[in-house]
2 protein chains.
Amino acid sequence: MKMGESVEWTLHCATVLAALPDGAVLPASALAEFHDISESYLLKQLRAMTAAGLFASIPGPKGGYRLARQPEAISLLDIVLAVEGDEPAFRCSEIRKCGPTASSPSAYSATCAIHAAMWNAERSWRASLASTSLSEITRRIGRSLSAEVRAKAQVWFTANVRA
Amino acid sequence: MKMGESVEWTLHCATVLAALPDGAVLPASALAEFHDISESYLLKQLRAMTAAGLFASIPGPKGGYRLARQPEAISLLDIVLAVEGDEPAFRCSEIRKCGPTASSPSAYSATCAIHAAMWNAERSWRASLASTSLSEITRRIGRSLSAEVRAKAQVWFTANVRA
DNA sequence: GTCCCTATACTCGGATAGCAAGTGTCCGAGTATAGGCGG
DNA sequence: CCGCCTATACTCGGACACTTGCTATCCGAGTATAGGGAC
């Protein structure tokens with residue numbers, strides 16, 4: 001019950017992409033440098049993001065990544081599922097149907113109570129993430145940014161953002 | 001974002017233990033046979049369950065496992081955390097503090113917005129699991145049990161349960 | 001007949017291999033640019 | 001001076017090793033029991 005470290009990378013990268021002006025792009029090398037993470041591995045995640053239709057990639061020089069939709073239309077759940085896969089965390093193997101009490105399939109018409117409870121919990125988790133948009137996160141980050149970090153980021157952006 | 005298969009095993013075993021009369025125990029071999037799963041590996045999980053204070057183990061012949069508390073006082077969250085560990089699924093590495101915008105620690109007094117949002121979601125998940133007791137699950141399972149399965153289970157219980 | 005002792009067999013407990021998935025890295029395909037050349 | 005062509009260098013994309021953690025297993029320590037023997 002622990003998710004990959006790449007989720008954190010992707011979420012942070014999404015907030016960076018959300019902060020740049022319309023139409024502008026940022027190469028993967030810049031995204032990796034901004035958080036001081038492995039560029040090669042980040043590319044793998046960015047590719048998954050592109051396949052999911054969340055990010056858009058522009059090839060060639062002056063190319064890079066940008067959000068495929070407006071930040072308001074992207075939820076944290078979208079990003080998490082794109083990286084980790086959309087399968088539920090709890091997978092029911094139906095072991096209740098095994099062993100000495102095994103009976104005909106018709107005896108198990110009701111869904112597994114444990115399976116139902118676990119998926120109920122995951123539904124709450126997903127609902128919480130789905131209700132939080134990327135724009136909301138960037139807003140909060142923008143508000144809590146110190147003057148020093150804000151200034152450094154502005155300098156870095158003007159040097160790396162490509163129209 | 002997927003939890004181990006052993007969680008399912010442990011949850012089902014907990015429902016079985018919850019079904020047996022007060023003071024009675026069930027050896028690990030019987031629990032493994034009931035669900036047709038590996039006994040050796042199940043023992044590992046049962047040990048974790050005992051260490052967490054959820055199950056109690058009785059050594060020697062006529063020994064086995066039983067619940068350490070009443071089923072009403074055990075939640076699904078207790079079991080899941082005992083098996084998977086109580087660390088949050090999302091771990092914040094604070095990568096926001098890395099890279100070209102890095103500043104003094106005092107500049108990051110506010111908690112990471114992404115971290116907060118992810119933990120908020122996990123809190124919903126945990127709350128859902130914490131609000132479901134083991135007794136509630138056994139009740140639901142008991143209601144949905146077919147006559148055939150119920151009869152087989154009763155026979156198996158009288159043969160394996162130890163006072 | 002009763003009590004005690006001993007050997008037994010069964011239980012759980014921890015330490016040890018195997019495997020899958022996440023992690024990290026590399027090289028190749030494609031494209032807009034920048035410079036040079038010709039008109 | 002202007003337009004076209006070519007070489008370039010940069011981008012993303014997919015295929016290949018490595019490490020961590022889950023999965024699976026085995027052997028050893030401990031204990032209540034069952035049987036036998038002595039009183």
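In what follows, chains are A, B, ... by sequence order, proteins preceding strands, each numbered from 1. Predicted model, so just to flag it, every value in this text is computed and none were measured.
Between C:dG14 and B:Arg47, a contact under 4.0 Å exists linking OP1 or OP2 to a side-chain N or O. Side-chain N/O atoms of B:Thr50 include none lying less than 4.0 angstrom from OP1 or OP2 on C:dC12. In this model, the phosphate group of D:dC10 is not approached by any side-chain N or O of A:Arg162 to a distance below 4.0 Å at OP1 or OP2. Residue B:Ser6 places at least one side-chain N or O under 4.0 Å from the OP1 or OP2 atom of D:dT23.
Of the residues in residues 55-63 of chain A, those lying under 4.0 Å from DNA chain D by heavy-atom distance are A:Ser57, A:Ile58, A:Gly60, A:Pro61.
The hydrophobic clustering, which links ILVMFWY residues whose side-chain heavy atoms are closer than 4.5 Å, places A:Ile58 and A:Phe55 apart. Residue B:Trp156 is not grouped with residue B:Val25 when hydrophobic side chains (ILVMFWY) are merged at heavy-atom distances under 4.5 angstrom, including chains of intermediate members. In the hydrophobic clustering of ILVMFWY residues, with side-chain heavy atoms under 4.5 Å counting as a link, B:Met1 and B:Trp119 come out apart.
Looking at B:Ser135 and B:Ser133, their side chains do bring a donor and an acceptor atom within 3.5 Å of each other. Defined by atom type and a distance below 3.5 Å, a donor-acceptor pair is present between the side-chain atoms of A:Glu8 and B:Ser93.
Using bins of under 30°, 30° to 60° and over 60° for the plane-to-plane angle, the ring pair B:Phe157/B:Phe34 lands in the perpendicular bin.
Between A:Lys2 and A:Ser29, the residue whose closest nucleotide on DNA chain D is further toward the 5' end is A:Ser29.
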Can you give one letter per nucleotide of nucleotides 24-29 of chain C, 5' to 3': B if a protein heavy atom sits under 4.0 Å from the base, S if only from the sugar-phosphate, - if neither? BBB---
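Using a 4.0 Å cut-off between charged nitrogen and carboxylate oxygen, B:Arg91 and B:Glu87 do not count as a salt-bridge pair. Under 4.0 Å is where a charged nitrogen must lie from a carboxylate oxygen, and between B:Lys152 and B:Glu148 at least one such pair does.
Distance CD (B:Glu33) to C1' (C:dC10): 16 Å, rounded to an integer number of Å. Rounded to whole angstrom, the span from the CZ atom of B:Arg66 across to the P atom of C:dT11 amounts to 17 Å. Look at CD on A:Glu87: it is 12 Å from C1' on C:dA21, rounded to the nearest Å. Rounding to whole angstrom units, CD1 of residue B:Ile37 and P of D:dT25 are separated by 12 Å. Atoms CD (A:Gln45) and C1' (C:dA21) sit 13 Å apart, rounded to a whole Å. One can place CE of A:Met49 at 15 Å from P of D:dG14, the figure rounded to the nearest angstrom. When rounded to the nearest whole Å, the span between OH of A:Tyr65 and P of C:dT31 equals 15 Å. Between B:Asn160 atom CG and C:dT11 atom P the separation is 11 Å, expressed in whole Å.
Put simply, CG on B:Leu42 and OG on B:Ser6 are 9.5 Å apart, with the number rounded to the nearest 0.5 Å.
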